Amino acid sequence: MTTSVEPPGVRIGHLPGTPSGGGLPGALAAEWTKLWSLRSTWWGLFGAGLLMGLVSMIMAEATVANNKDPGPEGPPGVVSVGDIATGAVETVQFVVLAIALLMVTGEYATGSIRATLQWVPPRGRMLWSKAAVAVAVVFPTAVLLTLIGSVVAWFWLDEWGRVDAGDLVHDALTIGLYLSLMSVLVMGVGAMLRSTAATLTTAFIFVLVLPITLVNTGSELLKDVADGLPSSAGRHMMNGDGPYPTVVALAILAAWTAAAAWGGITVLRRRDA
């Protein structure tokens, strides 16, 4: 049995004369095939749909209860079914983001990242092809999740629910945009950390824990900092009720996503698999 020795100073996937994996179309086709060959993808999508329905049902039931027995803040009144779906996304998003980040960290866990980088040597092309495939799956999934949440909310809200086609389209598109950008963001973080557990923990803290903690401090400065975080910007974009216009919220979220992707590509170029 013979073993091959990698020439000194040459990284895996950067050997002279190594083919580039069929260019971007080949990289996209490979990532698409790999994603749908994993059981975790199918279970993740099924789990996201199930959780969306469950959380939407709980939120709708709470709205009905508050209308029948209002608290000190008064009854919420008739609410849009899309608002329920948008609120449920804050919980369901972690299932969707896990599907995206596993496209990166899963390969580090199994060691298949070496083969991937041999097939697609340019680090930027490799990561962007993964991101493009993730967005192609996440965006329609987000639209479907919005419909699931809205239908469940409409059923449970009964007389306290309002359905508006324009609002529903808006909610579906903004949720799809939010989850798509956040998926690319966590993939960039995953490329930097190379660990599923570390990436999920970082995402949970950065997306959910940190904004809530900063807001609850009572400091106006820290509240402003919280409004500049990607999840806060995404929430303002979906709800349209932030301290800045929707286009600014989108710009903030896009800037964070671009920064994470740049960080992931930079780490990939500087470190071997």
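Everything numeric in this text was worked out from a predicted model, so none of it was measured.
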Hydrophobic cluster membership, with links at side-chain heavy-atom distances under 4.5 Å among I/L/V/M/F/W/Y: are F206 and L253 in one?
yes
Extract all donor-acceptor atom pairs below 3.5 Å that involve side chains of residues 38-52 and protein atoms in other chains or at least two apart in sequence.
from: T41; atom 1: OG1; to: L35; atom 2: O; distance (Å): 2.7
from: W42; atom 1: NE1; to: W36; atom 2: O; distance (Å): 3.1

Residues G77 and N67: closest non-hydrogen pair is N-OD1, 2.7 Å
Would a single hydrophobic cluster contain both L168 and L173, if residues Ile, Leu, Val, Met, Phe, Trp and Tyr are joined by side-chain heavy-atom contacts under 4.5 Å?
no
Here the gap from L268 atom CG to I113 atom CD1, rounded to the nearest 0.5 Å, amounts to 6.5 Å
I'd like to know whether CZ of F155 has more than 12 heavy-atom contacts from other residues, nucleotides or ligands below 6.0 angstrom.
no
Heavy-atom nearest pair, W32 first then A136, reads CZ3-CB, 4.2 Å
Approximate separation, where rounding is to 0.5 Å, of L200 CG and I205 CD1
11.0 Å
Close side-chain approach of I175 and V143, heavy atoms under 4.5 Å:
no
Are W256 and V247 grouped together when hydrophobic residues (ILVMFWY) are joined by side-chain heavy atoms under 4.5 angstrom apart?
yes
Residue pair T63, W156: steps toward the side-chain contact (heavy atoms from CB on, under 4.5 Å) verdict:
CA-CA 9 Å; T63 300; W156 283 93; over 6 Å; no
Might you point out which heavy atoms bring L229 and P211 nearest each other, and give the distance in Å?
CD1-CG, 3.8 Å
Might you point out which heavy atoms bring H236 and A249 nearest each other, and give the distance in Å?
CB-CB, 4.4 Å
Between atom CD1 of I148 and atom OG of S56, what is the distance when rounded to the nearest 0.5 Å?
9.0 Å
Provide the closest heavy-atom pair for A88 versus V55 in the form atom of the first, atom of the second, distance.
CB-CG1, 3.6 Å
P75 backbone acceptor or donor facing N66 side chain under 3.5 Å
no
Evaluation steps, side-chain contact (heavy atoms from CB on, under 4.5 Å), between R194 and V267
CA-CA 10 Å; R194 304 184 174 202; V267 171; 4.1 Å; yes
Could you list the residues that satisfy side chain to side chain donor-acceptor pair (under 3.5 Å) with S150, not counting sequence neighbours?
none
Just wondering, do T86 and H170 contact through their side chains at under 4.5 Å, heavy atoms?
no
Let me confirm one number: the CG-CE distance from L157 to M57, rounded to the nearest 0.5 Å.
12.0 Å
Run Y108 and T196 through side-chain contact (heavy atoms from CB on, under 4.5 Å) and show every step you take.
CA-CA 9 Å; Y108 280 102; T196 301; over 6 Å; no
Say you draw a straight line from OG1 of T91 to CD of Q93; how long is it, rounded to the nearest 0.5 Å?
8.0 Å
So W128 and I265, do their side chains get closer than 4.5 Å, heavy atoms only?
yes
Hey, is CG on D241 packed in by over 12 heavy atoms from elsewhere, all under 6.0 Å?
yes
Kindly work out whether a path of hydrophobic side-chain contacts (I/L/V/M/F/W/Y, heavy atoms less than 4.5 Å apart) joins V64 to V79.
yes
Is there side-chain contact between T105 and S195, with heavy atoms separated by less than 4.5 Å?
no
Quick one: does T246's side chain get under 4.5 Å of T174's, heavy atoms only?
no
Distance alone, cut at 3.5 Å: any donor-acceptor contact between the side chains of T217 and S219?
no
For the pair K130 (side chain) and M103 (backbone), establish whether a donor and an acceptor sit closer than 3.5 Å, ignoring hydrogens and angles.
yes
Are F139 and L145 connected, step by step, through hydrophobic side chains (Ile, Leu, Val, Met, Phe, Trp, Tyr) whose heavy atoms are closer than 4.5 Å?
no
Side-chain heavy-atom pair V138, V184 within 4.5 angstrom cut-off:
no
Evaluate the side-chain proximity of W154 to I84: yes if any heavy-atom separation is below 4.5 Å, no if none is.
no
Find out whether V104 and L127 are in side-chain contact, i.e. whether some heavy atom of one side chain is under 4.5 Å from a heavy atom of the other.
yes
Closest heavy-atom contact between D227 and S232?
CA-CB, 4.0 Å
Report the C-alpha separation of L101 and V189 in whole Å, then their side-chain angles, then the decisive distance to 0.1 Å, and conclude whether the side-chain contact (heavy atoms from CB on, under 4.5 Å) test is met.
CA-CA 8 Å; L101 72 88; V189 175; over 6 Å; no
Answer yes if the side chains of T116 and K34 hold a donor-acceptor pair under 3.5 Å, and no otherwise.
yes
d(M192 CE, W262 CH2) to nearest 0.5 Å is 9.0 Å
